[in-house]
Amino acid sequence: MKVMVPVKRVLDYNVKARVKADQSGVDLSNVKMSMNPFDEIAVEEAVRLQEAGTATETIVVSIGPAKAQETIRTGLAMGMDRGVHVQTDEDLEPLAIAKILKAVADAEGAELVVMGKQAIDNDYGATGGMLAALLDWPIGSAANSMSIEGGAISVVKEVDGGLQTVKLQLPALVTADLRLNEPRYASLPNIMKAKKKPIEAKTPADYGVDTTPRLKTLKVTEPAGRKAGIKVEDAAALVDKLKNEAGVI
Amino acid sequence: MAVLVIAEHDNVSLKDATHKTVSAAAKMGGDIDILVAGKDVKAVMAAAAKIDGVRAVIGVDHASLERQLAEAMETVVVGLMGNYDAVLSPDTTTHKNYMPRVAAKLDVQQISSITGVESADTFVRPIYAGNAMATVQSTDSKKVVTVRATAFPAAGEGGSASTSESDAGLGALKSEYVGEELSKSDRPELTAAKVVISGGRGMGSGENFKLLEGIADKLGAAMGASRAAVDAGFVPNDWQVGQTGKAVAPALYIAVGISGAIQHLAGMKDSKVIAAINKDEDAPIFTVADYGLVADLFKALPEFEAELEKAGY
């Protein structure tokens, strides 16, 4: 079974996003960029499927600028077999990304796509669902665990009230939540080996996808700040303030 | 213009997130209809018909909709969209599961987790875990929008919308429901509670969350946790408040032993009043807290509970 994992290069999760003074977006110059943490979990899951003999080939795909190659190399160093880099300098929306990914999945004959449940930059949480719909595949969102048996995959999903299990016919798409696994660190030998693994270079035009944005970003601003309040002396003062000043208990 | 709002329910009762999503829809202008998709949902439909400002309630009753799985919901919603210019749902896990499918099938870019409506085509949504707010205008002919329900007031009751049933039009599905393991709790639901008390890594263990229970009982509070506490295995993931968990906006949020990581603040900084108990006086949580108590939580929590008792709670 061929397993495809799309990955996104995003502002590192430890770096605080700073809004640009002209309100055009978030400043990404000279900041640390990394693989979206949820995508790292998806890569780990694919590599484990390969180690278990379930996956015959694992393909890591990224759509983005030249530097997205580094993100693909991270996936290769973790153990993925080969990469596909669809190069574009535009900041594509999930719909355009999903259309390109559908074309890649079709071209590769992927039978399982595992990907992060959301990217931590734009927080749409939409690409996985869109890709599943375009492929007409069932989806297991926010996976906590998954197991493949015969032509089906069971996915335990994180839902608001707890956990829900669904069984999907393959081919299928799974989006990874935080508890699916703990991603490995790439070892130095594997990082060296990854440099020799192939990355195919493509463009959105190769797949005939119209990437015209559907949304216009009118402005990006700092969130309304909260001011620090006061410090209270002890628990009695806290109860008094909550009851008599704030009136919330 | 006509807007379809998708109801949040469990086949038995209509959830408050529906009323809040109706408020968001009302800001767009136009007629508002509510879709109740599920199994044996007559009572839920009747409740939805009472929401102020709603024109009609459409019920789609089908055994395959009992769990509102992604493929089935996609089929039902897409089938109705010929009559609507926009579809709005709460951004809970049920709807996050299929709304992107609806958007893709309609060839529309979804606008996720909005916290503001500027006009029928312009919305405000948090990005980068709420560290920036983006105002976006959709050029799509139809809008597919998920709503951060806690950012909107609940629409009132007193309406009398018409109700009708519509066919599901469902064929064979490629996915099936197997089972679920829901946390059992007599406490209010995290996203709907008036008071939320959450513990962080500072709690030290799952066992120590018992220290919060007595306080939660006295205040009728829901219990939550930071991602650090969930990652440490203290409590289940569905307690998680933050970017990767739930967004809450109660009247009072009490953060105990929570440092206040960006990702946690993203899920609770819209609370009306925030109180924080932490032994580190430089913890970032104090930069957003209205009332801060710098203290060892193992000493402060029993005192807090005793003081509540004294105050008659």
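Just so it is clear, the values below take in all heavy atoms, side chains as well, and ignore hydrogens, waters and symmetry mates. Just so it is clear: chains get the letters A, B, ... in the order the sequence lines come, proteins before strands, and each one is counted from 1.
Ranked by heavy-atom pairs shorter than 4.5 Å toward chain A, the options B/A221, B/G220, B/A311, B/G179 are led by B/G179. Interface summary for chain A: among B/Q243, B/K310, B/K96, B/E281, the most heavy-atom pairs under 4.5 angstrom belong to B/Q243. Per-residue counts of heavy-atom pairs under 4.5 Å with chain A were compared for B/R67, B/K218, B/Q263, B/R227; the largest is that of B/R227. Listed options A/V166, A/D121, A/L238, A/V239 were ranked by heavy-atom pairs under 4.5 angstrom with chain B; first place goes to A/D121. No other option in B/F304, B/Y291, B/Y313 has as many heavy-atom pairs under 4.5 Å with chain A as B/Y291. Annotation: maximal heavy-atom pairing with chain B below 4.5 Å, among A/A119, A/S141, A/P223, occurs at A/P223. For the options B/Q110, B/Q109, B/M133, heavy-atom pairs under 4.5 Å to chain A are most numerous at B/Q109. The candidate with the highest count of non-hydrogen atom pairs below 4.5 Å against chain A, out of B/N97, B/I262, B/D121, B/T115, is B/N97. Put simply, of A/E158, A/K99, A/R179, the one with the most heavy-atom pairs under 4.5 Å next to chain B is A/R179. Interface summary for chain B: among A/T165, A/L131, A/V248, A/N122, the most heavy-atom pairs under 4.5 angstrom belong to A/T165. Considering only heavy-atom pairs separated by less than 4.5 Å from chain B, the leading option among A/P94, A/G247, A/G125 is A/P94. Of all the listed residues (A/I230, A/T217, A/L168), the one sharing the greatest number of non-hydrogen pairs under 4.5 Å with chain B is A/I230.
Under the 4.5 Å side-chain criterion, counting only non-hydrogen atoms from C-beta, B/V124 is not in contact with A/T221. At a threshold of 4.5 Å between non-hydrogen side-chain atoms, the residues B/E71 and B/R101 count as touching. Within the 4.5 Å cutoff, no side-chain heavy atoms of A/V31 are placed close to those of A/D12. For the pair A/L95/B/D107, a side-chain contact is recorded, criterion being any heavy-atom separation below 4.5 Å from C-beta on.
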Working note: B/D10 + B/K15, criterion salt bridge (charged side-chain N to carboxylate O under 4.0 Å, His left out); need CA distance, chi angles, decisive distance, verdict. CA-CA 8 Å; B/D10 56 5; B/K15 306 293 180 197; 3.3 Å; yes
Test salt bridge (charged side-chain N to carboxylate O under 4.0 Å, His left out) on B/D91 and B/R148 and set out the steps. CA-CA 6 Å; B/D91 75 342; B/R148 176 75 52 88; 3.2 Å; yes
When you look at A/R18 and A/D27, which way does the salt bridge (charged side-chain N to carboxylate O under 4.0 Å, His left out) test go after all the steps? CA-CA 6 Å; A/R18 306 242 172 244; A/D27 195 354; over 6 Å; no
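Of the two parts of B/A134, the backbone and the side chain both hold a non-hydrogen atom closer than 4.5 Å to a non-hydrogen atom of chain A. Residue B/V288 touches chain A through both its backbone and its side chain, counting heavy-atom pairs closer than 4.5 Å. Only the side chain of A/L178 comes within contact range of chain B, judged by heavy atoms closer than 4.5 Å. With a threshold of 4.5 angstrom between heavy atoms, A/A142 does not approach chain B through any atom at all. Contact of B/L293 with chain A is made through backbone and side chain together, with heavy-atom distances under 4.5 Å. Contact of A/V232 with chain B is made through backbone and side chain together, with heavy-atom distances under 4.5 Å. With a threshold of 4.5 angstrom between heavy atoms, A/K16 approaches chain B through its backbone and through its side chain. With a 4.5 angstrom heavy-atom cutoff, B/A295 does not touch chain A via any of its atoms. Only the side chain of B/T122 comes within contact range of chain A, with at least one heavy atom under 4.5 Å from a heavy atom of that chain. Only the side chain of A/F38 comes within contact range of chain B, with heavy atoms under 4.5 Å apart. Looking at A/A17, the atoms closer than 4.5 Å to chain B (heavy atoms on both sides) sit in the backbone and in the side chain alike. In this structure, the portion of B/V108 lying under 4.5 Å from any heavy atom of chain A is its backbone and not its side chain. Contact of B/L308 with chain A is made through backbone and side chain together, with heavy-atom distances under 4.5 Å. Both the backbone and the side chain of B/K272 come within contact range of chain A, judged by heavy atoms closer than 4.5 Å. For a residue to count as touching a neighbouring chain, one of its non-hydrogen atoms must lie under 4.5 Å from one of that chain's; by this rule A/E233 touches chain B with the backbone only. Contacts between B/Q240 and chain A at a heavy-atom distance below 4.5 Å involve the side chain alone, from C-beta outward. Only the side chain of A/L11 comes within contact range of chain B, with at least one heavy atom under 4.5 Å from a heavy atom of that chain. In this structure, the portions of B/K269 lying under 4.5 Å from any heavy atom of chain A include both its backbone and its side chain. With a threshold of 4.5 angstrom between heavy atoms, B/Q137 approaches chain A through its backbone and through its side chain. Heavy atoms of A/K227 lying under 4.5 Å from chain B belong exclusively to its backbone. For B/I277, the part sitting under 4.5 Å from any heavy atom of chain A is the side chain, from C-beta outward, and nothing else. For A/D240, no part sits under 4.5 Å from any heavy atom of chain B, backbone or side chain. Only the side chain of A/V19 comes within contact range of chain B, with at least one heavy atom under 4.5 Å from a heavy atom of that chain.
For the pair B/T93 (side chain) and A/V159 (backbone), a donor-acceptor distance under 3.5 Å is absent. Of the possible polar contacts, none joining the A/Q169 side chain to the A/A152 backbone as a donor-acceptor pair under 3.5 Å is found.
Of the candidates B/D290, B/L265, B/D270, B/T287, A/R226 forms a side-chain contact (heavy atoms from CB on, under 4.5 Å) with just one, namely B/D290. Of the residues A/V220, A/V26, A/I120, the one that meets the side-chain contact (heavy atoms from CB on, under 4.5 Å) test with B/Y128 is A/V26.
Other residues, nucleotides and ligands place no more than 12 heavy atoms under 6.0 Å from the NZ atom of B/K279.
Residues forming a salt bridge (charged side-chain N to carboxylate O under 4.0 Å, His left out) with A/K67 (at least two apart in sequence, or on another chain): none.
Note on A/D177 versus A/K117: salt bridge recorded, some NZ/NE/NH1/NH2 to OD/OE distance being below 4.0 Å.
With values rounded to the nearest 0.5 angstrom, B/S113 atom OG is found 8.0 Å from A/Q118 atom CD. Once rounded to the nearest 0.5 Å, the distance linking NZ of A/K157 with CG of A/L180 reads 13.0 Å. Between atom CD1 of residue B/I197 and atom CD1 of residue B/I254 there is a gap of 4.5 Å, rounded to the nearest 0.5 Å. To the nearest 0.5 Å, the span separating CD1 on A/I100 from OH on A/Y207 amounts to 8.5 Å. With rounding to the nearest 0.5 angstrom, the CD1 atom of B/I285 is 6.5 Å from the CD1 atom of B/I274.
When all heavy atoms are compared, the tightest approach of A/A133 to B/E74 is CB-OE1, 4.2 Å.
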